[in-house]
Amino acid sequence: MKVVYFAWVRERIGLPKEEVETSAATVADLVAELRTKEERYEVAFSDLSALRVALDQELSDFEASLEGVKEVAFFPPMTGG
Amino acid sequence: MKVVYFAWVRERIGLPKEEVETSAATVADLVAELRTKEERYEVAFSDLSALRVALDQELSDFEASLEGVKEVAFFPPMTGG
Amino acid sequence: MRILVQEAPFDVGAEAKAFSEGLSASGAAVTFTGIVRDNAEGNLVEMLIEHYPGMTEKALTKIATEATERWDLEDVLVIHRYGSMKPSDMIMMVATASRHRVAAFEAAEFLMDFLKSRAPFWKQEITKDSASWVASKEEDEDALKRW
Amino acid sequence: MRILVQEAPFDVGAEAKAFSEGLSASGAAVTFTGIVRDNAEGNLVEMLIEHYPGMTEKALTKIATEATERWDLEDVLVIHRYGSMKPSDMIMMVATASRHRVAAFEAAEFLMDFLKSRAPFWKQEITKDSASWVASKEEDEDALKRW
């Protein structure tokens with residue numbers, strides 16, 4: 001599964017994207033797995049209320065299923081306009 | 001006193017402006033005087049709710065005093081924009 | 001603040017560009033452009049706009065000044081034409097600029113609402129065989145109540 | 001409908017002119033332009049905008065499509081830049097056109113409210129000695145509730 005990061009999530013994790021081998025059922029499960037990987041993931045995911053998630057480029061939420069999903073994106077609240 | 005007319009008020013009265021000799025105290029008094037002048041004034045002023053008035057180029061109302069006023073304008077509700 | 005009452009056409013692109021490039025402290029610029037629309041029957045030949053020279057400029061200046069007192073605006077532009085126009089011609093435009101988008105939007109809507117019913121313009125629609133004064137709309141008078 | 005996501009500057013005057021001249025059934029056109037504003041300290045050197053290629057275009061198209069479903073719009077334009085900008089540069093613009101002014105204003109405000117918090121852009125302010133991500137505002141999230 002392709003996992004991509006933007007803005008300060010990208011900076012804290014230290015890379016813009018990576019391939020992740022996972023059997024996580026939901027976004028929350030995937031986050032739990034990532035947090036155990038390394039300290040920088042723990043820091044990036046420490047406050048989920050400050051994060052947003054998109055599945056295959058559609059805004060979603062942490063309870064959503066990852067079934068069939070090819071690309072997961074994590075980023076802070078958006079600040080366009 | 002200079003009296004000016006716009007849009008269909010001008011068309012009904014048949015002229016854009018005229019000098020009127022009057023001692024009317026209020027706009028309503030002036031309208032009452034004008035209505036007695038000729039049929040076309042009677043027609044133009046038959047429904048005051050369809051008319052607006054400006055005194056010296058400031059929107060006003062039919063109860064207003066004409067003291068010191070140099071120019072009175074009568075016209076339908078405005079349709080700018 | 002810039003208020004223009006003119007018979008000549010204006011260039012909406014050049015005006016929008018000059019307005020936004022003249023700003024130094026604004027994050028938001030809003031423009032509204034009013035365009036001559038065909039009538040319901042689809043046979044509008046000409047739109048004639050009559051105005052009250054002298055009062056028009058005063059009324060527009062008063063409305064724009066009130067907008068700058070109610071909202072924190074860096075600049076305000078009002079252009080309104082009079083005379084003869086064809087369908088698709090630009091009748092008028094307003095522009096507002098502020099630090100934040102809400103103020104710019106609200107001020108532009110305020111200008112439009114007051115300009116519709118408080119500036120001395122009267123529209124007449126000319127077709128091949130008729131000339132009729134556009135009636136004011138109750139909803140336009142009602143629109144003033146929200147301010 | 002026209003959606004542009006680009007690094008290059010755009011000409012707000014040319015876009016406003018092309019948009020309004022391309023209309024045939026609208027009486028009202030509204031534009032909103034977002035401009036890089038200096039920060040509170042007055043020392044902004046650069047604004048960097050990051051985005052999510054692919055998702056950005058999808059999100060903007062979705063927001064613009066929803067606007068055309070909610071209001072009777074003849075046309076909608078959305079332009080949003082990413083990359084490096086300086087104070088006073090134009091970041092983005094939206095334009096809407098409708099028969100009546102209320103629809104054009106409301107649709108433009110709707111586009112802006114959703115674009116602020118639902119399109120994947122992130123702003124970073126660069127000064128001589130710092131780089132900080134712009135925080136989202138609670139009022140921007142609250143603004144969505146009115147629609």
Side-chain angles (χ1 to χ4, degrees), chain B residues 1-20 22 26-28 30-31 34 39-81, chain C residues 3 5 32-37 47-63 66 78-83 85 90-94 108-125 131-144:
Chain B
M1 181 175 291
K2 185 178 176 188
V3 182
V4 295
Y5 309 109
F6 292 98
W8 58 251
V9 183
R10 172 180 53 70
E11 291 178 338
R12 287 188 197 173
I13 290 174
L15 43 88
K17 61 184 170 189
E18 59 185 321
E19 280 296 325
V20 174
T22 179
T26 66
V27 178
L30 174 63
V31 169
L34 290 170
E39 175 70 15
R40 55 200 168 99
Y41 290 91
E42 176 64 30
V43 169
F45 289 105
S46 61
D47 178 9
L48 291 193
S49 74
L51 289 183
R52 300 290 179 269
V53 60
L55 302 182
D56 290 333
Q57 306 191 347
E58 289 268 357
L59 275 177
S60 186
D61 57 71
F62 290 92
E63 306 315 312
S65 164
L66 290 178
E67 196 177 333
V69 170
K70 295 194 178 67
E71 183 173 305
V72 179
F74 294 105
F75 43 77
M78 294 155 274
T79 54
Chain C
I3 310 286
V5 180
F32 178 93
T33 310
I35 305 160
V36 179
R37 203 158 42 85
M47 168 86 83
L48 272 177
I49 299 184
E50 182 169 334
H51 79 124
Y52 185 171
M55 179 172 165
T56 308
E57 292 78 359
K58 282 184 204 171
L60 294 178
T61 302
K62 187 178 169 186
I63 294 165
E66 192 172 339
V78 179
I79 305 176
H80 205 302
R81 297 179 61 196
Y82 57 88
M85 280 154 254
M90 310 293 161
I91 303 172
M92 50 77 59
M93 79 179 278
V94 303
E109 289 176 74
F110 172 92
L111 288 171
M112 286 308 304
D113 283 350
F114 277 82
L115 197 150
K116 278 263 166 194
S117 321
R118 291 291 181 270
F121 292 101
W122 300 274
K123 292 198 184 100
Q124 193 176 34
E125 292 184 346
S132 55
W133 293 99
V134 172
S136 64
K137 291 190 201 126
E138 211 171 308
E139 68 197 58
D140 285 334
E141 191 63 32
D142 288 347
L144 303 184

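In the text below, chain A, chain B and the rest are named by the order of the sequence lines, each starting its count at 1. Since the model is a prediction, treat every value here as computed from it, not as a measurement.
Distance CH2/B/Trp8 to CH2/C/Trp133: 11.0 Å, rounded to 0.5 Å. Atom OG1 of B/Thr26 is separated from atom CD of B/Glu63 by 6.5 Å, given to the nearest 0.5 angstrom. Going from atom CD of C/Glu66 over to atom CZ of C/Phe110 covers 4.0 Å, rounded to the nearest 0.5 Å.
Take C/His51 and apply the side-chain hydrogen bond (donor to acceptor under 3.5 Å, both in side chains) test, not counting sequence neighbours, and it matches C/Thr56.
No side-chain heavy atom of B/Tyr5 sits under 4.5 Å from any side-chain heavy atom of B/Arg12. For the pair B/Val27/B/Asp61, no side-chain contact is recorded, criterion being any heavy-atom separation below 4.5 Å from C-beta on.
Of residues 41-59 of chain B, those residues lying under 4.5 Å from chain C by any heavy-atom pair are B/Ala54, B/Asp56, B/Gln57, B/Glu58, B/Leu59. Scanning residues 134-144 of chain C against chain B with a 4.5 Å heavy-atom cutoff picks out C/Val134, C/Ala135, C/Ser136, ordered by number. The interface of residues 70-81 of chain B with chain C, defined by heavy-atom distances below 4.5 Å, comprises B/Glu71, B/Ala73, B/Phe75, B/Pro76, B/Pro77, B/Met78, B/Thr79, B/Gly80, B/Gly81.
The minimum heavy-atom distance linking C/Met85 with C/Val36 is given by the pair CB-CG2, 3.8 Å. The minimum heavy-atom distance between B/Arg10 and C/Glu50, with the atom names listed, is NH2-OE1, 2.5 Å.
Interface remark: of the candidates C/Arg118, C/Met92, C/Lys123, C/Lys123 forms the most heavy-atom pairs closer than 4.5 Å to chain B. Options C/Lys116, C/Arg81, C/Met93, C/His80 differ in how many heavy-atom pairs under 4.5 Å they form with chain B, and the most are formed by C/Lys116.
For chain B, no part of C/Ile49 is nearby; none of its heavy atoms comes within less than 4.5 Å. The contact between C/Ala119 and chain B is made entirely by backbone atoms, counting heavy-atom distances below 4.5 Å. Residue C/Lys58 touches chain B through its side chain alone, counting heavy-atom pairs closer than 4.5 Å.
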(Q) Run the side chain to side chain contact (heavy atoms under 4.5 Å, CB included) test on C/Tyr52 and B/Val4 for me, step by step, so that the C-alpha distance in whole Å, both residues' side-chain angles and the decisive distance to 0.1 Å come before the verdict. (A) CA-CA 9 Å; C/Tyr52 185 171; B/Val4 295; 3.6 Å; yes

